[in-house]
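Just below is one structure, and these are the notes that go with it.
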Amino acid sequence: MALWRTLPIPIASPHGLILSFLILLHSAVTTTVAIRVRTIIHDPSPFKLPVFREAPAFRNGDSCGSNKDDRIHIAMTLDENYLRGTMAAVLSMLQHSTCPENLSFHFLCAHSDVELVSSIESTFPYLNFKIYRFDSNRVRGKISKSIRQALDQPLNYARIYLADILPADVKRVLYLDSDLVVVDDIGKLWDVDMEDKVLAAPEYCHANFTVYFNDAFWSDPVLSNTFQGRNPCYFNTGVMVVDVDKWRKGGYTKKVEQWMAFQKKKRIYHLGSLPPFLLVLAGNIKPVDHRWNQHGLGGDNFEGKCRNLHPGPISLLHWSGKGKPWLRLDSRKPCVVDHLWAPYDLYRSSRHFLEE
């Protein structure tokens, strides 16, 4: 009969508690085998967070980060399922920024989690960031079922409430999804001339705008006049520059919520948080160069098949759609474009631990 004895030796670690086990196996034939195992134990959590390598510290001169007015405010959501993407996105912005010290991150999460904070601090020790808890009750009962479950998560709607969540001294914010990397200085997007508009984003006027709403919408004589006086074009809400002051003063959160409430009574679209943004703002935003959102790299919302890059210069690569680069790389069935994301991946797999 085999007996197991374990002798734990705790060692401090920025990632949690590291335990070194000496496992002794005693058998009836007097054979003894000793195996030393090194592993990381996190505090109990509903989700086991991935572990990341520490990112390099990016600095670029004494003048960077010295003036509060030069701060670039970036809002992103923090989701356990997309954390690997968030880490890659942050690294890409720091690496390509002229003044990385000027970047100030505002992370929105659905619940307070010490592990999430610890993960960011250990991966980016020098990062300027704050975490805000987004109360899911704000959208409970307002979300309509869409074509993909990921689009129905309350955190997907947090972007609507940025003006209510961010501090009053934040006048402008860049909202970015977690499934993207920036390969240019993010300050160029931040400095866009808003021309008195509340929102700036790349517009895609060649896209068939009618597909974002169903027949019940377009056949209704009142609803179909929603865009009267506007030239509505599709824009992707995963990359937006928002004038937070104008959003607050214009009551845009309420306007978006009103369309969400209408959708609960009469179904007029199928795509999560995007259509209410289009209903309120399409045709009335500041267009930004397409280079700032090379979107759709995750394929469609059903199969997530591989797609090629669109022609033209690129400043931001966005894996919107079902397919995510980290999942496809892990499955060893990556698309060609996924290899453009891989250099920013800070994920530390079990293979890295064994090598160390």
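With sequence neighbours excluded, the residues satisfying side-chain contact (heavy atoms from CB on, under 4.5 Å) with Ala89 are Met76, Met93, Leu180. Among residues two or more places apart in sequence or in another chain, the side chain to side chain donor-acceptor pair (under 3.5 Å) test is passed with Trp247 by Thr253. Annotation: disulfide (SG to SG under 2.5 Å) contacts of Cys109 (sequence neighbours excluded): none. Under the side-chain contact (heavy atoms from CB on, under 4.5 Å) criterion, Gln228 pairs with Asn225, not counting sequence neighbours. Under the salt bridge (Lys or Arg N to Asp or Glu O under 4.0 Å) criterion, Arg71 pairs with no residue at all, not counting sequence neighbours. In terms of the salt bridge (Lys or Arg N to Asp or Glu O under 4.0 Å) criterion, Lys264 has no residue partners (sequence neighbours excluded). Qualifying salt bridge (Lys or Arg N to Asp or Glu O under 4.0 Å) partners for Lys265, counting only residues two or more places apart in sequence or in other chains: none. With sequence neighbours excluded, the residues forming a side-chain contact (heavy atoms from CB on, under 4.5 Å) with Leu327 are Lys324, listed by chain and number. A search for salt bridge (Lys or Arg N to Asp or Glu O under 4.0 Å) contacts involving Lys142 returns Glu257, not counting sequence neighbours. Every residue meeting the side-chain contact (heavy atoms from CB on, under 4.5 Å) condition with Phe227, not counting sequence neighbours, appears here in chain and number order: Phe209, Phe213, Phe217, Trp218, Arg230, Pro232, Leu279, Ala282.
With Ser122 contributing its side chain and Ser118 its backbone, the two residues share a donor-acceptor pair below 3.5 Å. Counting only distance, with no hydrogens or angles, the side chain of Ser320 and the backbone of Gly296 share a donor-acceptor pair below 3.5 Å. Panel note: side chain Asn293, backbone Pro202; no donor-acceptor pair is recorded below 3.5 Å. Listed for the Arg84 side chain is no donor-acceptor partner under 3.5 Å among the backbone atoms of Tyr347. Although no hydrogens or angles enter the test, the distance criterion places a donor-acceptor pair under 3.5 Å between the side chain of Asp220 and the main chain of Leu223. Side-chain N or O atoms of Arg53 include one that pairs as donor or acceptor with a backbone N or O of Asp345 at under 3.5 Å. Looking at Gln294, its side chain does come within 3.5 Å of a backbone N or O of His310 through a donor-acceptor pair. Of the possible polar contacts, one joining the Asp338 side chain to the Cys335 backbone as a donor-acceptor pair under 3.5 Å is found. Judged purely by atom type and a 3.5 angstrom limit, Glu80 has no side-chain atom pairing as donor or acceptor with the backbone of Leu49. Asp300 places a side-chain N or O within 3.5 Å of a backbone atom of Glu303 that can act as its donor or acceptor partner.
Side-chain atoms of Gln263 and Tyr269, non-hydrogen and from C-beta on, do get closer than 4.5 Å to each other. In this structure, the side chains of Phe235 and Leu199 come closer than 4.5 Å at one or more pairs of heavy atoms. Counting only heavy atoms from C-beta outward, the side chains of Leu83 and Phe52 approach each other to under 4.5 Å. Contact check for Ile120 versus Leu116: no side-chain heavy atoms found under the 4.5 Å cut-off. Glu101 places a side-chain heavy atom less than 4.5 Å from the side chain of Asn60. His106 has its side chain out of reach of Ile165: every pair of non-hydrogen atoms, C-beta onward, lies at least 4.5 Å apart. Side-chain contact between Val239 and Leu316 is present, with heavy atoms from C-beta onward closer than 4.5 Å. The closest side-chain heavy-atom distance from Tyr126 to Phe58 is not below 4.5 Å.
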Discussion item. What verdict does the side chain to side chain contact (heavy atoms under 4.5 Å, CB included) test give for Leu78 and Leu108, after you've listed the backbone C-alpha separation in whole Å, the side-chain angles of each residue and the deciding distance to 0.1 Å?
Written reply: CA-CA 6 Å; Leu78 270 186; Leu108 284 61; over 6 Å; no
Discussion item. Quick one, Trp259 with Ile268, criterion side chain to side chain contact (heavy atoms under 4.5 Å, CB included). Give me CA distance, side-chain angles, the key distance, then yes/no.
Written reply: CA-CA 10 Å; Trp259 279 112; Ile268 57 174; 3.9 Å; yes
Discussion item. Run Lys286 and Asp196 through salt bridge (Lys or Arg N to Asp or Glu O under 4.0 Å) and show every step you take.
Written reply: CA-CA 9 Å; Lys286 165 66 178 179; Asp196 219 31; over 6 Å; no
Worksheet item: Can you list the steps and then say if Val90 with Tyr344 is a side chain to side chain contact (heavy atoms under 4.5 Å, CB included)?
Response: CA-CA 9 Å; Val90 171; Tyr344 304 98; over 6 Å; no
Worksheet item: Could you go step by step and tell me if Val139 and Tyr161 meet the side chain to side chain contact (heavy atoms under 4.5 Å, CB included) rule?
Response: CA-CA 10 Å; Val139 291; Tyr161 301 92; 3.5 Å; yes
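Pairs passing the side chain to side chain donor-acceptor pair (under 3.5 Å) check and including a residue from residues 208-217, sequence neighbours excluded, read Asn208-Thr210.
Distance check, rounded to the nearest 0.5 Å: CG of Leu127 to OG of Ser104 gives 8.5 Å. Distance check: Thr123 OG1 to Met87 CE gives 3.5 Å after rounding to the nearest 0.5 Å. Of the inter-residue distances, the one linking Ile186 atom CD1 with His96 atom NE2 reads 11.0 Å to the nearest 0.5 angstrom. Ser97 OG to Ile74 CD1: the interatomic distance, rounded to the nearest 0.5 Å, is 8.0 Å. Atom CG of Leu309 is separated from atom CG of Leu317 by 6.5 Å, given to the nearest 0.5 angstrom. For the atom pair SG (Cys306) and CZ (Arg328), the distance works out to 5.0 Å, reported to the nearest 0.5 Å.
Of all the heavy atoms in Thr77 and Thr86, the pair that sits closest is O-OG1, 3.7 Å. When all heavy atoms are compared, the tightest approach of Asn236 to His318 is OD1-CE1, 3.3 Å. Taking all atoms of both residues into account, the shortest heavy-atom contact from Val182 to Ser92 is N-OG, 2.9 Å. For the pair Asp79 and Leu155, the tightest heavy-atom approach, listed with the atom from each and the gap, is CB-CD2, 4.1 Å. Heavy atoms only, all atoms of each residue included: Thr237 and Met240 are closest at O-CE, 3.4 Å. Nearest heavy-atom pair across Leu91 and Pro56 is CD1-CD, 4.4 Å.
Using a 4.0 Å cut-off between charged side-chain N and carboxylate O, Arg159 and Asp177 make a salt bridge.
Under the 6.0 Å cut-off for aromatic ring centres, His290 and Tyr204 qualify, their centroids lying closer than that. The ring of Phe134 has its center no closer than 6.0 angstrom to the ring center of Tyr132.
Counted within 6.0 Å of CG on Asn308, heavy atoms from surrounding residues, nucleotides or ligands total 12 or fewer; the atom is thus considered open.
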Atom pairs and distances, side-chain donor-acceptor, residues 166-173, under 3.5 Å, sequence neighbours left out:
from, atom 1, to, atom 2, distance (Å)
Lys171, NZ, Ala168, O, 3.3
Arg172, NH1, Trp190, O, 2.6
Arg172, NH1, Val192, O, 3.0

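When each of Arg138, Lys254, Arg248 is tested with Asp164 by the rule salt bridge (Lys or Arg N to Asp or Glu O under 4.0 Å), just one qualifies, namely Arg138.
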